[in-house]
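Computed over heavy atoms, backbone and side chain alike; hydrogens, waters and symmetry mates excluded. This is a predicted model, so every value here is computed, not measured.
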Amino acid sequence: MGKQSKETESPVSDPTKFSILNLIDLSNSNINQSVNLLKQACLDSGFFYVVNHGISEEFMDEVFEQSKRFFTLPLKEKMKILRNEKHRGYTPVLDELLDPENQLHGDYKEGYYIGVEVDEDDPESNKPFYGPNKWPAPDILPGWRETMEKFHREALEVGKAVGKIIALALDLDADFFDKPEMLGESIATLRLLHYGGQVSDPLKGLFGAGAHTDYGLITLLATDHVSGLQICKDRDAKPQKWEDVAPLKGAFVVNLGDMLERWSNGVFKSTLHRVLGNGQERYSIAYFLEPSHDCLVECLPTCKSDTNPPKYPPILCRDYLSQRYNDTHADLKIYKKQQS
């Protein structure tokens, strides 16, 4: 993933350095235009906006409202649904450490993971990222589960629509990522996020979310009106140059993950990003889209040649994801010790 260089910039974002991102309109009938815009974005920053994606603004507002309702519960109530070994449930503040080389301790954010719902009697639930979700009690948050399950389903369709454009941008068939071994049996994980209003200071190693790349195919991110997301187009630059990503109401900010970088042989980059807190509370909703557990991620035929051989060895999706999650999350045993 490359080493992170020590930070030298001010802890407060400079509003003049907002990154200019391409905007992909999923209702655009000119698919070639969308493919060209996406390809340009993937070669430049690995980030772009998606609009007219089919999820209504009213429903997005409802999802954010339900997310706030959960995070305003007392900590004792939230800890009753602490994440399990399959990464379902609540993740407390400081639970995740994304950039250990530059962070004093974990991220100043709390989260909630919701994956693909598979009954524990189903043999599929033996897979690392499948199984039953953990849910708040219906009497405490009525309608909460139904809202999140509906959003999970709708976001998957948005992700598949983006996947078609990515496939065309890589000179593949439009349905390349829609096969059963890809997104037909995907590991799709919804994560609600809440940043509590701390002020980040890179010089002191304090971050809302430390610098990292995402692990899978793509990530869809919905945000509130508070800025904080930053991207670094060249992770190897010294010093690293960080640009703010402006919130855009009703849009998803989409970024590419590590698996797409591996598939494309490094043509499309999985871009380093982080979150800096500016003293304001911030809510966001991330939807991580990865292929099936047994998908072998290896260089695409359109991305290699005799003079450009594969840069990465093939790897199973389940193995790569398991390793990355284990590397970045606290050992669950520490919470058992705290509760005993």
Side-chain angles (χ1 to χ4, degrees), residues 1-2 35 38-39 41-43 45-48 86-87 98 113 115-116 118 124 126-131 155-191 211-221 235-236 254-273 286-329:
M1 303 308 292
V35 168
L38 182 139
K39 187 183 287 189
C42 293
L43 294 172
S45 67
F47 273 74
F48 51 92
K86 293 204 172 194
H87 297 281
L98 290 165
Y113 281 119
V116 175
V118 177
E124 289 285 293
N126 293 322
K127 293 179 176 178
F129 294 94
Y130 276 1
L156 178 58
E157 295 310 309
V158 178
K160 286 181 176 180
V162 175
K164 283 181 165 59
I165 303 174
I166 290 173
L168 291 169
L170 290 168
D171 297 320
L172 301 163
D173 290 337
D175 64 351
F176 179 84
F177 292 112
D178 215 7
K179 299 170 190 166
E181 67 272 20
M182 298 278 187
L183 301 181
E185 296 173 5
S186 61
I187 301 170
T189 304
L190 166 60
R191 194 178 190 196
H212 65 287
T213 56
D214 288 347
Y215 316 148
L217 177 64
I218 57 170
T219 303
L220 310 176
L221 182 75
R235 70 182 84 161
D236 298 317
V254 181
N255 66 281
L256 314 181
D258 298 342
M259 288 185 200
L260 191 54
E261 181 169 325
R262 296 174 80 101
W263 259 315
S264 70
N265 210 20
V267 174
F268 287 178
K269 292 282 190 282
S270 177
T271 303
L272 202 62
H273 54 286
Y287 192 82
F288 303 103
L289 194 56
E290 350 307 343
S292 73
H293 282 80
D294 299 320
C295 180
L296 187 67
V297 181
E298 58 183 339
C299 184
L300 295 166
T302 56
C303 297
K304 63 183 176 183
S305 65
D306 291 342
T307 55
N308 184 29
K311 297 179 175 67
Y312 308 97
I315 190 167
L316 279 174
C317 175
R318 68 164 79 203
D319 295 339
Y320 187 75
L321 284 183
S322 295
Q323 185 60 53
R324 292 299 307 271
Y325 272 91
N326 291 339
D327 287 347
T328 54
H329 287 75

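Residues Phe288 and Tyr215 form no side-chain contact, since every pair of their non-hydrogen atoms from C-beta on lies 4.5 Å or further apart. Taking the side chain as every heavy atom from C-beta outward, Lys269 and Thr213 never approach each other to under 4.5 Å. With a 4.5 Å cut-off on side-chain heavy atoms, His293 and Pro128 count as touching. Using a 4.5 Å heavy-atom cutoff, the side chains of Leu256 and Glu261 are not in contact. Val267 is listed as a side-chain neighbour of Leu43, based on a closest heavy-atom distance under 4.5 Å. Side chains of Val254 and Phe47 form no contact here, defined as non-hydrogen atoms less than 4.5 Å apart. Thr328 has its side chain out of reach of His212: every pair of non-hydrogen atoms, C-beta onward, lies at least 4.5 Å apart. Using a 4.5 Å cut-off on side-chain heavy atoms (C-beta onward), Leu221 and Asn255 make no contact.
When all heavy atoms of Ser292 and Pro180 are compared, the closest pair comes out as CB-O, 4.2 Å. The minimum heavy-atom distance between Ser264 and Leu170, with the atom names listed, is CB-CD2, 4.0 Å. Between Leu289 and Leu156, the shortest heavy-atom distance links the atoms CD1-CD1, 3.5 Å. Summarising the geometry of Cys317 relative to Met259, their closest heavy-atom pair is SG-CE, 3.4 Å, with the distance given to 0.1 Å. Closest approach of Thr271 and Gly46 over heavy atoms only: OG1-CA, 3.6 Å. Residues Gly159 and Leu220 approach most closely at N-CD1, 3.9 Å, considering heavy atoms.
A distance-only check finds a donor-acceptor pair linking the side chain of Arg235 to the backbone of Ser270 [under 3.5 Å]. Between the side chain of Asn265 and the main chain of Lys311, a donor-acceptor pair closer than 3.5 Å is present. When atom types are taken as modelled, the side chain of Lys304 and the backbone of Pro309 share no donor-acceptor pair closer than 3.5 angstrom.
Residues Tyr113 and His329 bring their aromatic ring centres within 6.0 Å.
Rounded to the nearest 0.5 angstrom, Asp178 CG and Met182 CE are separated by 10.5 Å. To the nearest 0.5 Å, atoms CD1 (Ile165) and CZ (Phe48) are separated by 7.5 Å. Separation of atoms CG (Leu168) and NZ (Lys39) is listed at 9.5 Å; rounding is to 0.5 Å. The distance from the CG atom of Leu260 to the CZ atom of Arg262 is 12.0 Å, given to the nearest 0.5 Å. From Asp175, atom CG reaches atom CG of Leu183 across 11.0 Å, with rounding to the nearest 0.5 Å. Residue Tyr130 holds its OH atom at 11.0 Å from NZ of Lys86, rounded to the nearest 0.5 Å.
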Walk me through whether Asp294 and Lys127 qualify under side-chain contact (heavy atoms from CB on, under 4.5 Å). CA-CA 10 Å; Asp294 299 320; Lys127 293 179 176 178; 3.9 Å; yes
side-chain contact (heavy atoms from CB on, under 4.5 Å) between Ile187 and Val116: does it pass, once the steps are laid out? CA-CA 7 Å; Ile187 301 170; Val116 175; 5.9 Å; no
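In this pair, Phe129 and His87 present their aromatic rings parallel. The plane angle is below 30°, not in the 30 to 60° band.
Screening Ile166, Leu172, Leu217 for a side chain to side chain contact (heavy atoms under 4.5 Å, CB included) involving Trp263 leaves a single residue, Leu217.
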